**Q** 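Got a structure for you, questions after.
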Amino acid sequence: MARLAQTAGLTDVQQEILSTVRDFVDKEIIPVATELEHRDEYPQAIVDGLKELGLFGLMIPEEYGGLGESLLTYALCVEEIARGWMSVSGIINTHFIVAYMLKQHGTQEQKDHFLPRMAAGEIRGAFSMSEPALGSDVSAITSKAVRDGDEYVLTGQKMWLTNGGTSSLVAVLVRSDEGHPEGTAPHKSMTTFLVEKEPGFGEVRPGLIIPGKIEKMGYKGVDTTELIMDGLRVPADRVLGGVTGRGFYQMMDGVEVGRVNVAARGCGVAQRAFELGVRYAQQRHTFGKPIAQHQAIQFKLAEMATKVEAAHAMMVNAARKKDSGERNDLEAGMAKYLASEYCKEVVEDAFRIHGGYGFSKEYEIERLYREAPMLLIGEGTAEIQKMIIGRRLLEEYRFQG
């Protein structure tokens with residue numbers, strides 16, 4: 001039988017990259033993922049391995065030392081990595097969102113300064129949009145930047161910062177009223193700042209504090225943190241693109257890449273859950289035969305495999321649309337919504353197939369069961385995706401009466 005979630009039309013280079021990543025996942029990630037996750041330990045050896053493979057430069061143009069690959073190649077690599085351990089895919093996701101934003105919106109000086117070192121994995125990226133009272137309403141951001149000569153002074157508190165401790169470059173979205181009179185729409189008075197810092201926790205540069213890791217139900221290993229700015233001084237040449245007021249649009253462009261990434265993660269976790277479920281169903285015997293021979297289990301496996309295939313197809317479509325240069329918020333929203341929901345359902349079905357053993361930490365499905373819920377809220381909840389999808393559909397199918 002052909003392996004699930006195959007992708008047609010890939011080049012020889014893409015297939016070679018994916019084969020290399022798949023071998024790395026099978027040999028270096030899956031055997032240690034559950035143990036590291038239970039200890040909430042940062043997977044330094046795995047990250048070093050990804051660096052050696054050149055994955056931190058996967059989508060960065062060749063002129064800056066990267067591989068210059070497409071979003072599709074990146075998404076398929078993420079799918080493979082998430083199949084091994086979703087937390088590892090989170091480590092590279094925020095890095096690539098920042099690299100993508102720099103590539104698309106940065107000044108030439110910013111690209112020359114950051115992208116070569118990001119491609120080499122010497123600089124690790126993170127991005128910060130959310131705040132403690134923000135939720136899905138980005139327009140309610142209260143963090144502020146005030147101009148002071150050749151610098152800006154940033155104050156405020158940010159939340160849910162993936163790679164907050166291990167990163168050395170953070171793209172931070174704040175409100176900046178300079179040049180934007182009172183009454184300006186909130187999304188037109190936001191600016192993205194490129195904030196360099198030392199990795200670690202505590203005061204990582206004057207005026208910038210990373211308090212420590214947020215304890216989570218799942219998605220362990222990767223550090224998720226707050227970010228507190230109290231008189232943080234940032235040079236004016238670290239405004240992304242060199243012009244204030246464009247931060248919201250820059251971030252939303254990056255989030256579209258992030259939504260394809262979350263869809264790919266959902267596909268990868270669902271694939272692994274199916275693999276675990278179909279294997280266990282053939283090993284576990286009840287009433288004198290493997291449970292895989294019971295019709296109820298076969299129906300469940302059929303539904304799981306169909307969901308894996310459907311989510312993968314939508315994720316690939318969204319990535320290819322973005323690569324073509326076309327608007328892809330509809331496709332990215334659909335892919336993120338479907339893949340995360342199907343991931344939850346496939347993982348739960350695999351958990352049910354395992355029966356009582358699925359509740360044991362000795363079995364890998366227990367970890368997946370705690371990881372899948374993060375995908376339901378990461379890069380926008382299902383409700384936000386439905387809003388995006390609905391609005392775009394009304395644009396496309398506007399009734400002319």
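Note that these values count all heavy atoms, side chains included, but never hydrogens, waters or copies made by symmetry. These figures come from a predicted structure and were not determined experimentally.
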**Q** Do I46 and V32 have side chains that get closer than 4.5 Å, going by heavy atoms?
**A** yes
**Q** I need the minimum non-hydrogen distance between I210 and G200, along with the two atoms involved.
**A** CB-O, 3.9 Å
**Q** What do the steps show when you test V269 against R83 for side-chain contact (heavy atoms from CB on, under 4.5 Å), and what is the final call?
**A** CA-CA 5 Å; V269 173; R83 176 181 150 266; over 6 Å; no
**Q** Do E226 and Q157 get their side chains close enough for a donor-acceptor pair, meaning under 3.5 Å?
**A** yes
**Q** Side-chain contact, heavy-atom cut-off 4.5 Å: V204 with E196?
**A** no
**Q** Does any donor atom in the side chain of K220 or S87 lie under 3.5 Å from an acceptor atom in the other side chain?
**A** no
**Q** Could E395 and R327 be called an ion pair, given the rule that one side-chain N must be under 4.0 Å from one carboxylate O?
**A** yes
**Q** Check whether the side chains of T191 and S176 place a donor and an acceptor atom closer than 3.5 Å, and report yes or no.
**A** yes
**Q** In terms of relative ring orientation, are F193 and Y152 parallel, tilted or perpendicular, with 30° and 60° separating the classes?
**A** perpendicular
**Q** Is it true that H312 and T7 share a donor-acceptor pair across their side chains at a distance under 3.5 Å?
**A** yes
**Q** I want to check something: taking the side chain as every heavy atom from C-beta on, are E37 and R370 in contact at a cut-off of under 4.5 Å?
**A** yes
**Q** Would you say the side-chain atoms of H105 and D253 include a donor-acceptor pair closer than 3.5 Å?
**A** yes
**Q** Go through the side-chain N and O atoms of E362 and S360 and say whether any donor and acceptor fall under 3.5 Å apart.
**A** no
**Q** Could you tell me if T142 and E131 have a donor-acceptor pair between their side chains, going purely by distance under 3.5 Å?
**A** yes
**Q** Please round to the nearest 0.5 Å and tell me the distance separating atom CZ of F299 and atom CG of D349.
**A** 13.5 Å
**Q** Are the side chains of E364 and L368 in contact, using a 4.5 Å heavy-atom criterion?
**A** yes
**Q** Using a distance-only test with no angle check, is there a side-chain donor-acceptor pair under 3.5 angstrom linking T34 and R367?
**A** yes
**Q** Look at the aromatic rings of F96 and Y74 and report parallel, tilted or perpendicular, splitting at 30° and 60°.
**A** tilted
